[in-house]
Student: 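Got a structure for you, questions after.
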There are 2 protein chains.
Amino acid sequence: MTQSPSPFQTPQQRSHARAAKRDAVLRAAVQMFNERGFHQTSLDDVAARLGVSKPTIYHYLGNKDQVLFECVTIGLSQLLEAAQASREAQGSGADRLTAFLLRYAEINMDDFGRCVIRTSDEALGAESRAQFHALKRKIDTAMRQLIEEGMEDGSIAPGNAKMLAFTLAGALNWPARWHDPAGDETPAQIARHLVQHLAHGFLPR
Amino acid sequence: MTQSPSPFQTPQQRSHARAAKRDAVLRAAVQMFNERGFHQTSLDDVAARLGVSKPTIYHYLGNKDQVLFECVTIGLSQLLEAAQASREAQGSGADRLTAFLLRYAEINMDDFGRCVIRTSDEALGAESRAQFHALKRKIDTAMRQLIEEGMEDGSIAPGNAKMLAFTLAGALNWPARWHDPAGDETPAQIARHLVQHLAHGFLPR
DNA sequence: TATATTTTCTACTCATTAGTAGATTGTCTT
DNA sequence: AAGACAATCTACTAATGAGTAGAAAATATA
């Protein structure tokens with residue numbers, strides 16, 4: 001697989017290495033934000049974890065706001081991708097919604113997804129916040145469309161799609177706050193439980 | 001009702017006035033924390049909104065951590081009271097759980113309840129955080145007990161009480177993030193919608 | 001080989017804000 | 001009336017942490 005290990009890099013290798021370093025910064029940052037909170041994490045802290053100095057971070061990213069914004073954007077892209085996939089999938093509305101919800105819940109227990117949920121708008125600067133909102137709205141819209149399609153084909157109980165979307169999103173966002181990645185339940189198991197309860201309700205059938 | 005309007009206050013009146021001022025500080029603080037976020041709100045800001053200076057706040061409360069801690073404690077007490085009331089109420093487990101959930105959701109759309117949800121542990125100092133956790137655990141325990149009682153009397157579908165509690169709490173906490181007090185839907189209406197969906201699930205019956 | 005570019009560092013600046021010192025004024029208590 | 005106490009102010013201190021200037025080393029290009 002590996003070529004002759006020349007110390008001289010091709011332009012592709014160099015730009016790849018650069019991207020990898022940028023990613024490493026974001027990965028380290030998002031983990032620390034999730035652990036200790038955005039405001040409790042200085043860029044000096046992040047740099048220290050990577051064994052570099054703060055200006056190195058500024059070499060790859062413009063400022064702290066941008067670091068956070070990139071992190072949430074990665075998380076939101078994952079969610080959007082999942083929404084897209086479910087919109088295009090086969091099956092009844094309920095089936096497609098369920099598949100989406102499972103994936104949605106799992107992403108919210110992952111590094112970048114957790115950051116999306118734990119980040120409140122006020123932490124971001126004005127422009128970042130606007131884009132953050134726009135992306136979140138897209139995901140909400142996609143979820144509502146899945147719900148409405150399910151209501152139309154009769155696989156989802158008729159009702160208020162907007163309120164149902166908030167109910168589902170809230171329940172599936174919450175693990176970002178309480179789930180311990182080191183715990184014994186896997187994200188997939190938790191996701192199944194939550195979706196199960198949301199699908200069937202707590203009243204006996 | 002009002003006595004002769006003497007400018008001289010009784011000791012009761014004085015300590016009452018003091019408590020009222022302390023409450024006013026907390027009320028102003030919690031609203032600003034909810035609007036702009038804890039870290040984006042300085043005690044100078046809070047003082048300015050009240051038309052006083054920062055040392056006045058320190059005259060009533062020890063430090064910023066304590067201000068936040070008092071705010072979340074008020075919210076958590078309201079939740080705890082609601083839990084207590086439902087534990088002692090009449091009716092099936094499902095009825096009592098439903099009543100609790102409605103109240104729980106409404107509190108989370110109120111000033112202090114919103115603050116409870118929006119406050120992440122990392123914002124609090126070590127001791128405050130421990131007490132914060134302890135109180136939240138109490139509420140979680142109460143919710144699980146209601147669920148288990150309902151499962152025992154058959155009014156709630158059998159299943160994993162812990163996961164159900166997380167599902168319910170998540171869905172009902174979330175409005176603290178999106179609900180606009182100036183919007184047209186009242187908290188009571190929203191609460192009813194959410195609980196409706198949680199009780200029945202999204203699959204048709 | 002000379003020059004430009006990239007990566008990284010050390011050592012700053014500067015703004016914000018939590019928290020305090022100490023004075024001031026008014027109000028009780030004795 | 002004298003001394004204590006409460007409430008509030010102005011004017012500080014001190015720490016934190018975002019962001020930058022400018023040098024140094026390595027690497028690439030001409």
Side-chain angles (χ1 to χ4, degrees), chain A residues 5-26 28-29 32-33 35-71 122-128, chain B residues 5-26 28-29 32-33 36-71 119 122-128:
Chain A
S6 156
F8 301 95
Q9 301 185 316
T10 66
Q12 284 81 26
Q13 283 177 318
R14 256 184 288 113
S15 86
H16 181 267
R18 185 168 219 282
K21 288 184 185 176
R22 203 182 119 109
D23 285 354
V25 170
L26 293 175
M32 295 183 83
F33 292 165
E35 280 164 27
R36 320 153 53 153
F38 177 70
H39 294 287
Q40 282 68 41
T41 306
S42 73
L43 290 188
D44 277 312
D45 293 334
V46 177
R49 162 133 4 157
L50 291 165
V52 298
S53 67
K54 182 169 54 173
T56 300
I57 292 182
Y58 281 90
H59 185 68
Y60 292 98
L61 292 151
N63 54 33
K64 198 183 177 188
D65 181 76
Q66 197 178 124
V67 173
L68 179 58
F69 179 66
E70 291 282 321
C71 289
E122 316 100 44
L124 287 161
E127 306 106 73
S128 310
Chain B
S6 157
F8 301 96
Q9 301 185 317
T10 67
Q12 284 80 27
Q13 284 176 318
R14 257 182 286 115
S15 87
H16 182 267
R18 185 167 219 282
K21 288 183 186 176
R22 203 182 121 108
D23 285 355
V25 170
L26 294 175
M32 294 182 85
F33 292 164
R36 318 152 56 153
F38 177 70
H39 293 286
Q40 282 66 42
T41 306
S42 73
L43 290 188
D44 278 312
D45 292 335
V46 177
R49 159 125 17 148
L50 291 165
V52 298
S53 69
K54 181 170 55 173
T56 299
I57 292 182
Y58 280 90
H59 186 67
Y60 292 99
L61 291 151
N63 53 33
K64 197 183 179 189
D65 182 76
Q66 196 178 126
V67 173
L68 179 58
F69 178 66
E70 290 281 320
C71 289
T119 295
E122 317 101 42
L124 287 162
E127 307 106 73
S128 310

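All values derive from a computational prediction rather than experimental measurement. Per chain, numbering begins at 1; letters A, B, ... match sequence-line order.
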Student: Would you compute the distance between atom CD of A:E35 and atom OG1 of A:T41 and round it to the nearest 0.5 angstrom?
Tutor: 8.0 Å
Student: Would you please confirm or rule out a distance under 4.0 Å between OP1 or OP2 of C:dT8 and any side-chain N or O of A:H59?
Tutor: no
Student: For the residue pair A:I57 and A:A47, what are the closest heavy atoms and their distance?
Tutor: CD1-N, 3.7 Å
Student: Please report, rounded to the nearest Å, how far the C1' atom of D:dC9 is from the NZ atom of B:K21.
Tutor: 14 Å
Student: Give the rounded distance in Å between these two atoms: CG of B:L61 and P of D:dT8.
Tutor: 13 Å
Student: Find the distance A:L50:CG to C:dC9:C1' and express it as a whole number of Å.
Tutor: 15 Å
Student: D:dA6, OP1 or OP2 - any side-chain N/O from B:R18 closer than 4.0 Å?
Tutor: no
Student: Give, for atom CZ of B:F38 and atom CD of A:E122, the distance between the pair rounded to the nearest 0.5 Å.
Tutor: 12.5 Å
Student: Taking all atoms of both residues into account, what is the closest heavy-atom pair of B:L68 and B:F33, and its distance?
Tutor: CD1-CD1, 4.0 Å
Student: Which letters describe nucleotides 11-21 of chain D, given B = protein heavy atom under 4.0 Å from base, S = only from sugar-phosphate, - = neither?
Tutor: ------SBBB-
Student: Mind checking A:T56 for me? I need base, sugar-phosphate or nothing, with any heavy atom below 4.0 Å counting as a touch.
Tutor: sugar-phosphate
Student: Any idea which heavy atoms bring A:H39 and A:K64 closest together, and the distance?
Tutor: CA-NZ, 4.5 Å
Student: Evaluate the side-chain contact (heavy atoms from CB on, under 4.5 Å) criterion for residues B:L61 and B:L26: first the C-alpha distance (whole Å), next the side-chain angles of each, then the deciding distance (0.1 Å), finally the verdict.
Tutor: CA-CA 9 Å; B:L61 291 151; B:L26 294 175; 3.7 Å; yes
Student: When A:H59 is tested against each of A:K54, A:R18, A:R22 for side chain to side chain donor-acceptor pair (under 3.5 Å), which residue passes?
Tutor: A:R18
Student: Would you work out how much the helix from C:dT1-D:dA30 to C:dT30-D:dA1 bends between its ends, with each end axis defined by five base pairs, to 10 degrees?
Tutor: 0°
Student: Does A:S53 place a side-chain N or O at less than 4.0 Å from the phosphate oxygens OP1/OP2 of C:dT8?
Tutor: no
Student: In whole angstroms, how far is the C1' atom of D:dC9 from the OH atom of B:Y60?
Tutor: 13 Å
Student: Any idea which heavy atoms bring B:G125 and B:D65 closest together, and the distance?
Tutor: N-OD1, 2.7 Å
